[in-house]
Structures are given as C-alpha cells and as structure tokens.
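Below you'll find the structure, written out as structure tokens, and then a few comments.
Order of listing sets the numbers, starting from 1, for every ligand and every atom in it. Quick note: residue numbers are just sequence positions, from 1.
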Amino acid sequence: MQNDLAKCNDVLRNFETLVNEGKCSEYQGTLKVGVDLGTANIVIAATDSCNRPVAGVSCRSSVVKDGIVVDYIKAVRTVKDLKARLEEITGTELTSAATAIPPGIIEGNVKVISNVVSGAEFDVSNVIDEPTAAATVIGCSSGAVVDVGGGTTGISILKDGKVIFTGDEPTGGTHMTLALAGYYGMSFEEGEEYKISRENEENVFPVIKPVVEKMASIIRNYIQGYDVDCIYVVGGACCFEKFSDVFEQYIGVRTVKPAAPLLVTPLGIAMNSRE
Ligand SMILES: Nc1ncnc2c1ncn2[C@@H]1O[C@H](COP(=O)(O)OP(=O)(O)OP(=O)(O)O)[C@@H](O)[C@H]1O
Ligand SMILES: [Mg+2]
C-alpha cells in the first residue's frame with residue numbers, strides 16, 4: 001500500500017502542476033472528463049483512457065451548496081466557461097463528462113446537478129458519490145475514504161474493492177471559516193483568506209480544532225460496526241498539517257492524507273467517466 005500511495009501522490013502532484021500552470025500533458029485518444037460542482041470550488045479534470053491526468057481547470061464558486069444548486073444560471077455559465085478553457089488547453093472539443101454528488105442527497109437534486117453539466121453542453125456519462133470518486137484515485141480496496149470539502153464531510157467505506165457504505169453530513173471548511181471569523185472578529189471573506197494562508201496555521205488550527213473534532217466524530221459514528229483499519233482524508237478542508245493527527249487521535253484509526261487533497265475527488269470523477 002505504501003508503494004501504491006507513493007504512486008498516487010506522484011499522479012496527484014503531476015495533476016496539481018498541470019492545473020496550476022494551465023498546461024496539458026501529451027495524450028492520445030478520447031479524453032475522460034469529470035466535473036466537480038463543489039460548495040467552494042468547481043473543478044473540471046481530464047484524463048486519458050488509462051486514467052493518466054491530462055489537464056484540469058478550477059475556479060472558486062458559490063453556486064452550489066452541499067450538492068444543491070443555488071444559482072442554476074450562474075452554475076451553467078461557470079461550467080461552460082471552464083469547459084471552454086479546458087478545450088483550449090487540450091486543443092479538443094469535450095463532449096461528455098461524469099459528475100459527482102455528496103452521498104445521500106435526494107433524487108431531485110441529483111437531477112439538477114446533472115442538468116447543470118448537460119446545460120454546459122456535456123453528455124452526462126456517469127454520476128457517482130464524491131468519496132467513491134476519490135477512492136478510485138487512491139486505489140484502495142478496503143478502508144474508508146473521507147472527503148472534507150467546503151460544505152460537507154462525506155465517507156465511502158470499501159471492502160474487497162466494493163463500496164459497502166456511503167454517508168455525508170454538513171460540516172466542512174465553511175464551518176471552520178465561520179469559527180475563525182467569529183473568534184478573530186473578521187468578515188467571512190477575511191476569515192477565509194486568513195485560514196488558507198499557510199503562514200497563519202499556528203493561529204488558525206487551535207481555533208478550528210473543535211470543527212475537525214466534530215468531523216472526526218461524524219466519521220467515528222459512521223465507521224462503527226465496519227472493519228476499517230485506515231482512513232484516507234481528501235478535500236480542501238483537510239489541508240492543515242495536523243488534520244490527520246486529530247483524526248487519528250480522536251478515532252483511533254490510522255489516517256492518511258494524499259498529496260494535493262483538493263484535486264483528488266475531481267480527478268477521480270474524470271477517471272469514472274464512461275465513454
Ligand atoms: N490551504 C488550505 N487550508 C485550509 N483550508 C483550505 C485550503 N485550501 C482550501 N481550503 C478549504 O477547502 C474547502 C474547499 O474544499 P473543496 O474544494 O474540496 O470543497 P468543495 O468540493 O467545493 O465542497 P463540497 O465537496 O463540500 O461541496 C474550502 O472551505 C476552503 O476554504
Ligand atoms: Mg467536494
């Protein structure tokens with residue numbers, strides 16, 4: 001597993017460079033595309049048919065909250081703009097894409113998420129659970145994959161390569177920002193900027209630690225009764241250095257954070273696109 005994780009981290013670091021630099025790696029054949037409509041970020045990822053990352057684009061956004069589209073028109077426009085950017089970077093027209101939802105959202109909301117993707121002129125090739133998408137990238141066949149995003153903490157539990165449980169609850173990075181902004185008397189936007197700047201981590205982490213413990217308690221409850229010997233954490237809200245330590249101490253299960261945690265789920269969605 002150590003080797004697999006090292007390989008997965010190489011893939012993720014490579015994808016992170018492609019996204020940050022707006023570059024495209026060499027590829028052949030049709031691209032697999034994944035659209036992640038997150039609470040904090042919208043990301044479109046592209047891989048080749050062997051699941052190698054090819055390119056990706058991302059922007060901050062507030063048009064979706066916890067899998068619910070709150071501004072449909074703007075959501076479609078944002079995905080269209082990102083699609084156009086990705087088509088320019090890859091030099092090809094992108095026609096179909098997979099997308100993902102937080103586990104457990106109701107059927108009607110799943111439909112709206114799909115409609116945003118098709119509204120941006122993609123054929124929707126697959127709709128999967130976010131943490132299940134992340135599990136594809138990590139390549140684990142057993143354990144728990146936890147996606148801590150802007151709005152929610154979601155989990156997929158895997159056994160023998162199959163997903164045997166999924167769940168999701170509304171605690172994410174937004175709740176960390178609210179705690180921080182309240183503590184330091186900042187606006188939400190100021191709190192968000194302060195939070196994501198690594199140089200402030202010493203002042204930030206003690207204030208948001210109770211939110212991390214709340215996330216850990218959600219996961220501890222979910223995994224009760226399941227044989228979970230490793231938890232993989234992904235998503236933007238787990239970027240803090242001590243995040244996994246808090247999980248490990250609180251839950252008592254080894255917790256591993258892959259590289260580029262913000263990009264794991266989007267890349268996994270692309271990998272799950274069905275041509
Ligand atoms: N360097 C960082 N340190 C701490 N938090 C970060 C950092 N970068 C991003 N975040 C937080 O991660 C969250 C966004 O993560 P992510 O993109 O995984 O969420 P999302 O997919 O948009 O949301 P969701 O999956 O809940 O709908 C935001 O709350 C953001 O503040
Ligand atoms: Mg997400």
Using side chain to side chain contact (heavy atoms under 4.5 Å, CB included), reason through Thr92 and Leu94 one step at a time and then give a plain yes or no. CA-CA 6 Å; Thr92 189; Leu94 304 169; 3.8 Å; yes
Apply salt bridge (charged side-chain N to carboxylate O under 4.0 Å, His left out) to Lys111 and Glu107, showing your working. CA-CA 6 Å; Lys111 186 80 192 126; Glu107 201 50 42; over 6 Å; no
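Annotation: Arg198, atom CZ; neighbour count of heavy atoms from other residues, nucleotides and ligands within 6.0 Å is above 12.
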I'd like a table of donor-acceptor pairs (distance under 3.5 Å, sequence neighbours excluded) in which one partner is a side-chain atom from residues 215-222, with atom names and distances.
from   : atom 1 : to     : atom 2 : distance (Å)
Ser217 : OG     : Lys214 : O      : 3.0
Arg220 : NH1    : Tyr250 : O      : 3.4
Asn221 : ND2    : Ser217 : O      : 3.4
Tyr222 : OH     : Asp168 : N      : 3.0
Tyr222 : OH     : Asp168 : O      : 3.2

Dump the pairs for me: ligand 1 N or O, protein N or O, distance under 3.5 Å, to 0.1 Å.
from     : atom 1 : to     : atom 2 : distance (Å)
ligand 1 : 1 (N)  : Arg198 : NH1    : 2.8
ligand 1 : 3 (N)  : Arg198 : NH1    : 3.3
ligand 1 : 3 (N)  : Arg198 : NH2    : 3.4
ligand 1 : 5 (N)  : Gly236 : O      : 3.4
ligand 1 : 10 (N) : Gly236 : O      : 3.4
ligand 1 : 12 (O) : Ala237 : N      : 3.2
ligand 1 : 15 (O) : Gly236 : N      : 3.2
ligand 1 : 17 (O) : Asn41  : ND2    : 2.8
ligand 1 : 18 (O) : Gly236 : N      : 2.9
ligand 1 : 19 (O) : Gly150 : N      : 2.9
ligand 1 : 22 (O) : Thr39  : N      : 3.0
ligand 1 : 22 (O) : Ala40  : N      : 2.7
ligand 1 : 22 (O) : Asn41  : N      : 2.8
ligand 1 : 23 (O) : Thr39  : N      : 3.1
ligand 1 : 23 (O) : Gly150 : N      : 2.9
ligand 1 : 26 (O) : Gly150 : N      : 3.1
ligand 1 : 26 (O) : Gly151 : N      : 2.8
ligand 1 : 26 (O) : Thr152 : N      : 3.1
ligand 1 : 27 (O) : Thr39  : N      : 2.8
ligand 1 : 27 (O) : Thr39  : OG1    : 2.6
ligand 1 : 29 (O) : Lys195 : NZ     : 3.3
ligand 1 : 31 (O) : Glu192 : OE1    : 3.4
ligand 1 : 31 (O) : Glu192 : OE2    : 2.4
ligand 1 : 31 (O) : Lys195 : NZ     : 2.7

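Residues Thr47 and Lys32 have side chains that never bring a donor and an acceptor to within less than 3.5 angstrom of each other.
Of the options Val256, Val145, Ile251, Ile157, a side-chain contact (heavy atoms from CB on, under 4.5 Å) to Ile231 is made by Ile251 and by none of the others.
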